[in-house]
Protein chains: 2
Amino acid sequence: MITEGKFSKGTPCKECPLRPLPLFRSFEAEEIAFVSRFKIGELVFDSNAMILAEGEESEHLFTVLSGWGFRYKMLDDGRRQIMNYVMPGDIVGLQGTLMGEMQHSIESLSPVVLCVFQRSKLAELYRCHPELAYDLTWIAAREERMLDENLLSIGRRSALERAAYLIAFLYQRAASLELFRSGWSVIPITQQHVADTLGLSLVHTNKTLKKLAARGLLRWAEKGCDVHDIDGLLAVAGWDGLCEPKRPLI
Amino acid sequence: MITEGKFSKGTPCKECPLRPLPLFRSFEAEEIAFVSRFKIGELVFDSNAMILAEGEESEHLFTVLSGWGFRYKMLDDGRRQIMNYVMPGDIVGLQGTLMGEMQHSIESLSPVVLCVFQRSKLAELYRCHPELAYDLTWIAAREERMLDENLLSIGRRSALERAAYLIAFLYQRAASLELFRSGWSVIPITQQHVADTLGLSLVHTNKTLKKLAARGLLRWAEKGCDVHDIDGLLAVAGWDGLCEPKRPLI
DNA sequence: CGTCCAATTGACGAGACTCAAGCCAGGTGG
DNA sequence: CCACCTGGCTTGAGTCTCGTCAATTGGACG
């Protein structure tokens, strides 16, 4: 379960596989040059590894280069709530970097590669690269927006709507990152993850997902959820779908 | 219900009544001078006024100078979820400023005064005042942290725990702003607000609050919730309480 | 004195939880 | 190669939390 990440030098930012995606805004050569100096290497994790733990003081700031993970908190008695999922391009450890101690944990759902940034250079980023500083705030505001949607879902949607919303949400985020190019559109989570995201029990989550499957909207596959009918899911959730403008990337 | 705010010139930032509070970090004269130029006036709202509406393009950025409000989203059929509450020192409209359209609405719970900032000067803030830019990111991260706690609560705590958590949370935030100096510690919300925050029905919320009242932890007063035993509430919620370091203020 | 809003209360049903088994695939060790 | 184990999915039964409906109270206000 808990694995230390392996450190390596990694790819230079100039050749970053994410930047060319249409999802991300374009970058000045100067910005990329700074980010290159900001980045001190990469960390590689297996599936089901603890990437960051609540209470930890994260020395660094990270960007997800590849893979899936999830961000969660736990109560003392073991109840777990998943707050959000992390995917390529997402920033990880910002809270810890800004405010000291991490208030949540992050685990991987698949092999994950993180870009590691030097915390001490953060001040330089704010001083010398206001556009990137702005981007950091923007990314924090984006996370807030996702949390708002999630909260709306858990607080006010029925179990069926919630489940449909979650799967549609994850599908759309992954699709916009072109993670499904291989033909398969499988989201690498277990039903326990779904339950802990939706605030439901595992048993009831299972029965709810069955209903969505019975309508032909999805199928539970070997290693996750296979989406069959994204429009159907959106309709059940009563959700317009993700509408993301071009995103920055640190 | 819906009221247009009234605009006025307002107090100069040098004499801001919030800054001297021990809760906020100290500021350089230069920073205050910039913020003074950044601020273009004040907006005053009555109780129960719509401060910002979902879908609106907010022309400006705001800081709450005084009063209480709440931030919420609605589903098409009228179900409402309150995401968080806004209190003095909180920034309002950042999402709208950064990303265009507002994705949530804000209403006042009491008379509210907002400081109005010129959106067009935001770039200058990032260019010339990296510490303030950093503060903006910090504040966004703080909001995220509150949302995380809230999500944990709604997803995984029982109705009684949730209610205790919410009241304790609001009480502590208000106390740290010294809003209760007058002797009264009344949180100006209705049970409908509590219900819409906790994701419960009004009836069940009422019964839950009665249980807390029966234990002597609070009392429902004329115009809100009167906290009697904050430690008792924290204990029921299984929560350590707010632990906030010195905060920035824009 | 009526009206309105918020709080309250009781009755009843639906949705969600817990408990308890069973199933199936993949991995491991003999 | 097979027996065993484990993790994740499935299912049924019984219980309880929580939602809905409906009616009432009580204070504030005109």
Side-chain angles (χ1 to χ4, degrees), chain A residues 1-2 46-49 70 75 77-82 107-110 153-164 166-167 186-214 218-226 236, chain B residues 1 46-49 70 75 77-82 107 109-110 153-164 166-167 186-214 218-226 236:
Chain A
M1 182 68 157
I2 297 180
D46 290 336
S47 270
N48 305 317
F70 63 98
L75 293 172
D77 59 6
R79 286 175 285 180
R80 179 175 77 169
Q81 177 64 40
I82 296 181
E107 276 182 38
S108 57
L109 289 163
S110 71
S153 211
I154 295 187
R156 286 305 180 200
R157 279 193 246 250
S158 71
L160 196 72
E161 292 169 328
R162 265 184 248 189
L166 174 64
I167 301 300
V186 172
I187 299 165
I189 50 176
T190 69
Q191 296 189 2
Q192 185 67 63
H193 293 118
V194 176
D196 288 345
T197 311
L198 302 183
L200 299 171
S201 72
L202 175 60
V203 172
H204 198 247
T205 299
N206 178 276
K207 288 169 183 169
T208 304
L209 289 170
K210 283 256 122 178
K211 285 187 197 166
L212 292 175
L218 56 78
R219 207 173 55 80
W220 213 263
E222 310 74 60
K223 287 288 170 193
C225 176
D226 189 7
V236 170
Chain B
M1 180 70 156
D46 289 336
S47 269
N48 305 316
F70 63 98
L75 293 171
D77 59 6
R79 284 175 285 180
R80 179 175 77 168
Q81 177 64 40
I82 296 180
E107 276 183 37
L109 289 164
S110 72
S153 210
I154 295 186
R156 287 306 181 200
R157 279 193 246 251
S158 70
L160 196 72
E161 292 169 329
R162 266 183 247 188
L166 174 64
I167 301 301
V186 172
I187 299 166
I189 51 177
T190 68
Q191 296 188 1
Q192 185 67 63
H193 292 118
V194 176
D196 288 346
T197 311
L198 303 183
L200 298 171
S201 72
L202 176 59
V203 172
H204 198 249
T205 299
N206 178 277
K207 289 169 184 170
T208 304
L209 289 170
K210 281 259 124 175
K211 284 186 199 166
L212 292 175
L218 55 80
R219 208 174 53 81
W220 213 261
E222 310 73 59
K223 287 291 173 191
C225 176
D226 189 7
V236 170

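A, B, ... follow the sequence lines: proteins, then strands. Residue 1 opens every chain.
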* Structure fact -> Closest non-hydrogen contact found for B:Leu218 with B:Cys225 is CD2-SG, 3.9 Å

* Asked: Is any side-chain nitrogen or oxygen of A:Gln191 closer than 4.0 Å to OP1 or OP2 of D:dT10?
  -> yes

* To do: Over all heavy atoms of both residues, which pair between A:Arg156 and B:Ala195 is shortest? Give the atoms and the distance, please.
  => NH2-O, 3.0 Å

* Structure fact -> Expected list for residues 197-206 of chain B near DNA chain C, using heavy atoms below 4.0 Å, is B:Val203, B:Asn206

* Terminal axis angle for the helix from C:dC1-D:dG30 to C:dG30-D:dC1, five pairs an end, nearest 10 degrees -> 30°

* Structure fact -> Minimal heavy-atom distance between A:Leu212 and A:Ala163, with the atoms involved, is CD1-CB, 3.8 Å

* To do: Could you state the atom-to-atom distance from CD1 of A:Ile154 to C1' of D:dC18 in whole Å?
  => 17 Å

* Asked: Nucleotide range of DNA chain C contacted by chain A, 5' to 3', under 4.0 Å to a heavy atom?
  -> C:dA16 to C:dC19

* Passing candidate, side-chain contact (heavy atoms from CB on, under 4.5 Å) with A:Val194, options A:Ile187, A:Leu200, A:Leu166, A:Thr208 -> A:Leu166

* **pair B:Gln81-B:Leu75: side-chain heavy atoms closer than 4.5 Å** => no

* Asked: By side chain to side chain donor-acceptor pair (under 3.5 Å), which residues pair with B:Ser201, not counting sequence neighbours?
  -> none

* Asked: Rounded to the nearest 0.5 Å, how far does CZ of B:Arg80 lie from CD of B:Glu107?
  -> 6.5 Å

Grab the N/O contacts between the protein and nucleotides 24-30 of chain D below 3.5 Å, and write none if there aren't any.
none

* Structure fact -> Here the pair of heavy atoms bringing A:Thr190 nearest to A:Trp220 is C-CZ2, 3.9 Å

* Between the main-chain N or O of A:Ala49 and the side-chain N or O of A:Ser108, is there a donor-acceptor pair closer than 3.5 Å? -> yes

* Structure fact -> In terms of heavy-atom contacts, B:Glu161 and B:Val236 come closest through CG-O, 3.5 Å

* To do: Mind calculating the distance between NZ (A:Lys210) and C1' (D:dG8) to the nearest angstrom?
  => 13 Å

* Between CG of B:Asp196 and CZ of B:Phe70, what distance do you get to the nearest 0.5 Å? -> 8.0 Å

* **A:His193 NE2 - D:dG7 C1' separation (whole Å)** => 12 Å

* To do: Please work out if B:Lys207 contacts a base, only the sugar-phosphate, or nothing of the nucleic acid, heavy-atom cut-off 4.0 Å.
  => base

* With sequence neighbours excluded, what pairs up with A:Ser153 under the side-chain contact (heavy atoms from CB on, under 4.5 Å) test? -> A:Arg157, A:Arg162, A:Tyr165

* **Check: B:Leu209 and B:Thr205 side chains under 4.5 Å, non-hydrogen atoms** => yes

